[in-house]
Amino acid sequence: MPTLDGRARRLQPVTDAVDCHHHIWSPRTHAWLEGVADGGHHAGPFRPVLTYDIDEYISDASSFNVTKSVHVQAHHDGAPIEETKWLQRIADATGFPHGIVAYADLSSPDIGVQLGEQKSFPNVRGIRQMLDYHPVKEEWRQAPHDRFLTDDSWLTGLKLMRKYNMVFDLQLHVPQLQSSANVARCHPDQQFILNHAGFPAVLTDDAIRSWKEGMSALARHDNVTVKLSGFLQFHHTWSKALLHPLVDYVINTFSVNRCMFGSNFPVGKLHGSFSELLTAYLDICEDMGLSQEDADKLFRDNALRLYRL
């Protein structure tokens, strides 16, 4: 397979790749989709991916040799445990997803009970509670406020996750990166996985400088790994040239041992095919001079290790 610009390829697509971040859904299980079908979400109108089931995902992912995947919670209509039950049934029937990152509000008084219930499902590997709260752009907010990272109740819930050997998928905006680095420093035994490379949504010099400062702060803590994913949510007209400096900075800052590529499908599907996106990532690795062993870590081995697949 040649590179996107037609050159002979040195790095080969990884055999048995792992997609560390995707969703499946429909309006029957995720009613919020109807509200963004024709706009109102920063990723664009969701109508083309309003229904995205596991069969369509498996078909898309097979174009890049994906044989294992991690599903990340996506605001299911029912109680958090209902999404997990639904996903586990699908996994039992089809083999996908191999890992489930479920939802829980770590500040809940009964968080210990919730974590215990979630952990009872064989494919559950962690929790994501979306903390992304932008101080200016209301349309980018997924959290009700920006106080979780300093809230005693929430931090108490976070400490309980070690009891259940769960990773925490950390999703937030650039202004929150420094605060999250402090949380990682104070909880060295908790594995954090930063979603979507910390959302470098704005590419002005000042914005990129702030993003790099926040990412550098997080990189000082060995218990933080980064998903190279989600770039297309904000950069709809994307190219390898646009992604390259972002991916290059993250890999060089965190190392190939603490990064992994994810599709973020079907959100990513709004602006490109699975093969186009993952091939662009592979081309960037080639342009960076990474080895085949490095690529294996980024596209497979790190996800296998961190999510215990």
Side-chain angles (χ1 to χ4, degrees), residues 19-61 66 69-106 108 114-115 117-118 121 123-134 138-144 168-173 193 195-196 199 227 229-234 236 262-274 277 307:
D19 183 3
C20 67
H21 195 108
H22 75 92
H23 313 285
I24 55 174
W25 56 39
S26 80
R28 290 182 293 104
T29 52
H30 298 71
W32 64 268
L33 289 163
E34 293 285 8
V36 295
D38 299 308
H41 192 283
H42 54 264
F46 270 54
R47 189 165 297 283
V49 296
L50 214 56
T51 296
Y52 190 74
D53 63 20
I54 198 64
D55 292 332
E56 185 173 358
Y57 171 75
I58 292 171
S59 176
D60 286 339
V66 170
S69 77
V70 177
H71 183 282
V72 181
Q73 62 84 214
H75 290 313
H76 187 276
D77 290 350
I81 202 68
E82 295 304 317
E83 180 178 41
T84 306
K85 291 178 181 177
W86 172 68
L87 290 166
Q88 188 65 59
R89 285 196 300 269
I90 291 170
D92 292 343
T94 69
F96 281 79
H98 302 76
I100 297 170
V101 177
Y103 172 79
D105 179 355
L106 297 187
S108 296
Q114 290 187 42
L115 294 178
E117 290 178 342
Q118 293 287 6
F121 291 87
N123 288 26
V124 168
R125 297 293 184 270
I127 295 294
R128 180 174 79 161
Q129 179 181 2
M130 288 188 281
L131 306 179
D132 31 336
Y133 183 93
H134 197 278
E138 293 185 17
E139 66 274 18
W140 290 5
R141 295 173 183 170
Q142 296 280 3
F168 184 75
D169 265 48
L170 185 65
Q171 181 166 305
L172 26 69
H173 285 296
I193 300 180
N195 287 193
H196 306 331
F199 277 146
K227 290 183 182 181
S229 60
F231 298 107
L232 276 56
Q233 283 193 215
F234 292 95
H236 304 170
S263 72
N264 195 32
F265 262 45
V267 182
K269 191 171 184 173
L270 292 170
H271 306 292
S273 73
F274 202 101
L277 177 60
Y307 283 116

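The first residue in the sequence is number 1, and the count goes up from there.
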Is any side-chain heavy atom of L270 closer than 4.5 Å to a side-chain heavy atom of H236? no

dist I127:CD1 -> L115:CG (nearest 0.5 Å) comes out at 5.5 Å

Worked verdict on H196 versus V267 for side-chain contact (heavy atoms from CB on, under 4.5 Å): CA-CA 12 Å; H196 306 331; V267 182; over 6 Å; no

Residues two or more places apart in sequence or in another chain: which of them pass ring-ring contact (aromatic ring centres under 6.0 Å, His included) with F274? F265

Looking at I24 and H30, what are the two nearest heavy atoms and their distance? O-CE1, 3.8 Å

Rounding to 0.5 Å, atoms CD1 (I193) and NE2 (H21) come to a distance of 11.0 Å

pair V72-K227: side-chain heavy atoms closer than 4.5 Å: yes

Closest non-hydrogen atom pair, D77 against P27: OD2-O, 4.2 Å

Output the distance between atom CZ (F46) and atom CH2 (W32), rounded to the nearest 0.5 Å. 4.5 Å

Has the side chain of H271 got a donor or acceptor atom that lies under 3.5 Å from a matching backbone atom of A43? yes

Can you give me the closest heavy-atom contact between P45 and P48, atom names plus distance? O-CD, 3.5 Å

To the nearest 0.5 Å, what is the distance between CZ (F96) and CD1 (I90)? 13.0 Å

Residue pair P97 / H22, side-chain heavy-atom distance below 4.5 Å: yes

Could you tell me whether a side-chain N or O of T29 sits under 3.5 Å from a main-chain N or O of W25, the two making a donor and an acceptor? no

Can you label the angle between the H75 ring and the Y103 ring as parallel, tilted or perpendicular, going by 30° and 60°? tilted

Looking only at heavy atoms, which two atoms of H23 and A74 are closest? And how far apart? ND1-CB, 3.8 Å

Find out whether E138 and W140 are in side-chain contact, i.e. whether some heavy atom of one side chain is under 4.5 Å from a heavy atom of the other. no

Show your working on side chain to side chain donor-acceptor pair (under 3.5 Å) between D19 and S263 and close with a plain yes or no. CA-CA 6 Å; D19 183 3; S263 72; 2.6 Å; yes

Would you say H71's side chain and A91's backbone share a donor-acceptor pair under 3.5 angstrom? no

Measuring only between side-chain heavy atoms, which start at C-beta, is N123 closer than 4.5 Å to L87? no

Test your reading of the model: is there a side-chain donor-acceptor pair from R128 to the backbone of Q73, 3.5 Å cut-off? yes

Show your working on side-chain contact (heavy atoms from CB on, under 4.5 Å) between V101 and Y307 and close with a plain yes or no. CA-CA 9 Å; V101 177; Y307 283 116; 3.7 Å; yes

Among R141, Q171, Q142, which one satisfies side-chain hydrogen bond (donor to acceptor under 3.5 Å, both in side chains) with D132? Q171

Just how far is it from atom OG1 of T94 to atom CG of D55, taken to the nearest 0.5 Å? 7.5 Å

What pair of heavy atoms forms the shortest contact from L50 to A37, and how long is it? CD1-CB, 3.9 Å

Would a 4.5 Å heavy-atom cut-off, applied to side chains only, mark F121 and I81 as touching? yes

Starting at CG of L106, measure out to CD of Q129 and round the result to the nearest 0.5 Å. 5.0 Å

With sequence neighbours excluded, residues passing side chain to side chain donor-acceptor pair (under 3.5 Å) with H42: Q233

side-chain contact (heavy atoms from CB on, under 4.5 Å) between H134 and F199, worked out: CA-CA 11 Å; H134 197 278; F199 277 146; over 6 Å; no

Under the salt bridge (Lys or Arg N to Asp or Glu O under 4.0 Å) test, residues paired with R47 that sit two or more places apart: D38

